[in-house]
Protein chains: 2
Amino acid sequence: MAKKSGSPMLATADDEKNLDKKSARTRVRILDAAAQVLSAKGYAGMRLGDVAEVAEVQAPAIYYYFSSREELIEEVMWVGLADMRAYLATALEQAPEDADGLERILIAVGAHLRHELEISDYATAVIRNGGQLPDKIRERQQQEEKKYGAVWRELFQSAAKAGEIRSDLDPYVAQMLVMGTVNWTAEWWQPGRVSIDRVVANAQAFVRNALAPTA
Amino acid sequence: MAKKSGSPMLATADDEKNLDKKSARTRVRILDAAAQVLSAKGYAGMRLGDVAEVAEVQAPAIYYYFSSREELIEEVMWVGLADMRAYLATALEQAPEDADGLERILIAVGAHLRHELEISDYATAVIRNGGQLPDKIRERQQQEEKKYGAVWRELFQSAAKAGEIRSDLDPYVAQMLVMGTVNWTAEWWQPGRVSIDRVVANAQAFVRNALAPTA
DNA sequence: GCATGTTTTGAATCTAGATTAAACTCAGTA
DNA sequence: TACTGAGTTTAATCTAGATTCAAAACATGC
């Protein structure tokens, strides 16, 4: 069940100093556990006791690293969103020079899907809980969330402008429908029945045909 | 925010007797409130106090109608699922005689979407909470959930068999992707920005092209 | 081995909610 | 009018968690 941990790739200036100290690893273990539990049980259902169990510490130890349950949750959401964006950005940077707008959208679909399914509990935590966070927390995420949405919007708008998306589709609605196909995957996919590669290939074919103008 | 109430259409034999008594209406008011709160806050986040407030009663009054919080939630889920299935079945029955497999899928897409967006907090409660219910409750829903899924599977399998779905798509995965596009709508759509008709039309065009073999 | 700072823990505390108990309202009616 | 029972409320009770705290453990440099 538990997938890999969040953003070692995202080490920022002030992380660097203690990336390897045992204590820093415990902190990560707690954060990972929180992402896992949050993803499975939802915002209100996440018990610090469960997080502690997964992280293999006693519940009060969490307070040595985070000042409250809320702060812990906020950090999971923040890291999750930042990771998603970084992962997507990297995938897009590596796109072939000559990729057109539609192809770039398909690259985004693949990256988002892989990140969501094989890499990160943080991503599924973000995807599943966006809706039911209390306002206080949501506001603070809004910023990051907008940035992530902006990347996608940009992809859709430029593809639409280039005539690479069927003109009977509203670009905004089309974007949301595509995000639905990929985000919802977290709800039904599980290792075993269908391979990730197969899901990715199907989703890309699905989206390509959905969007592409009939030749 | 609050949408219409659940399943007056589904009156079964033992409902009929007290459909109009004031007490029966209070019960419905509580159930509707529960659907609304459940949809907004999620399983673990639903407070009986909130439900009571929306239903305009004191919290303990709920116990006159439901023996526990769990039972209340189970009933919301059950009604939600049953309604969705009934609504979908009706829409399919009214499909033109000569509708082919793909057209029937599009009818299902439209019905599901309209039910979800304009009619029922129960539907969104079901859609959003399927994932994070505790096993005890989930098991009891499983049955109903399978029935709903079965209707869709049937649609996809027969369309696939008739060659009305691109052969590079796995029917099961395609079904899940389509359900993602429609279910996810509950997360982003809200009255105002785009009309329901527009969403439905876009979703249908999107799905038609996604699935239809290239001519 | 001892002193000092860091991390973890076990045993309280405190609070929000679910649930229960007992009492109240009031329509119908003998 | 007084009684009855359905429906509802207010005032307990009880419990699961979040949070706090003081005392262990542990590590580290001396």
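Just so we're on the same page: letters track the sequence lines, and every chain starts at 1.
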Exercise. Give the B/S/- string for nucleotides 11-24 of chain D, one per nucleotide from 5' to 3', where a protein heavy atom under 4.0 Å of the base yields B, of only the sugar-phosphate yields S, and otherwise -.
Key: B-----SSBB----
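Applying the salt bridge (Lys or Arg N to Asp or Glu O under 4.0 Å) rule to pairs touching residues 173-182 of chain B yields nothing, sequence neighbours excluded. Listed by first and then second residue, the salt bridge (Lys or Arg N to Asp or Glu O under 4.0 Å) pairs that reach into residues 39-50 of chain A are A:K41-A:D50, sequence neighbours excluded. Sorted by first and then second residue, the salt bridge (Lys or Arg N to Asp or Glu O under 4.0 Å) pairs with a member in residues 64-79 of chain B read B:R27-B:E75, B:E74-B:R140; sequence neighbours excluded.
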Under 3.5 Å, sequence neighbours excluded: what are the donor-acceptor pairs made by side chains of residues 188-200 of chain A?
| unit_1 | atom_1 | unit_2 | atom_2 | d |
| --- | --- | --- | --- | --- |
| A:W189 | NE1 | A:V194 | O | 2.9 |
| A:S195 | OG | A:R198 | N | 3.1 |
| A:D197 | OD1 | A:R114 | NH2 | 2.2 |

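In this view, B:N202 satisfies the side-chain hydrogen bond (donor to acceptor under 3.5 Å, both in side chains) rule with no residue, not counting sequence neighbours. Under the rule for a side-chain hydrogen bond (donor to acceptor under 3.5 Å, both in side chains), B:Q204 has no partner lying at least two apart in sequence or in another chain. In this structure B:Q157 satisfies the side chain to side chain contact (heavy atoms under 4.5 Å, CB included) test together with B:R153, sequence neighbours excluded.
Remark: B:R208 does not engage B:E103 in a salt bridge, criterion side-chain N to carboxylate O under 4.0 Å.
Distance B:Q58 CD to D:dT9 C1': 6 Å, rounded to the nearest Å. Look at CZ on A:R29: it is 11 Å from C1' on C:dT8, rounded to the nearest Å. Regarding A:F66, its CZ atom lies at a distance of 12 Å from the P atom of C:dT8, rounded to whole Å.
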What's touching nucleotides 4-7 of chain D from the protein side, N or O pairs under 3.5 Å?
| unit_1 | atom_1 | unit_2 | atom_2 | d |
| --- | --- | --- | --- | --- |
| D:dG7 | OP1 | B:S23 | OG | 2.7 |
| D:dG7 | OP2 | B:Y64 | OH | 2.4 |

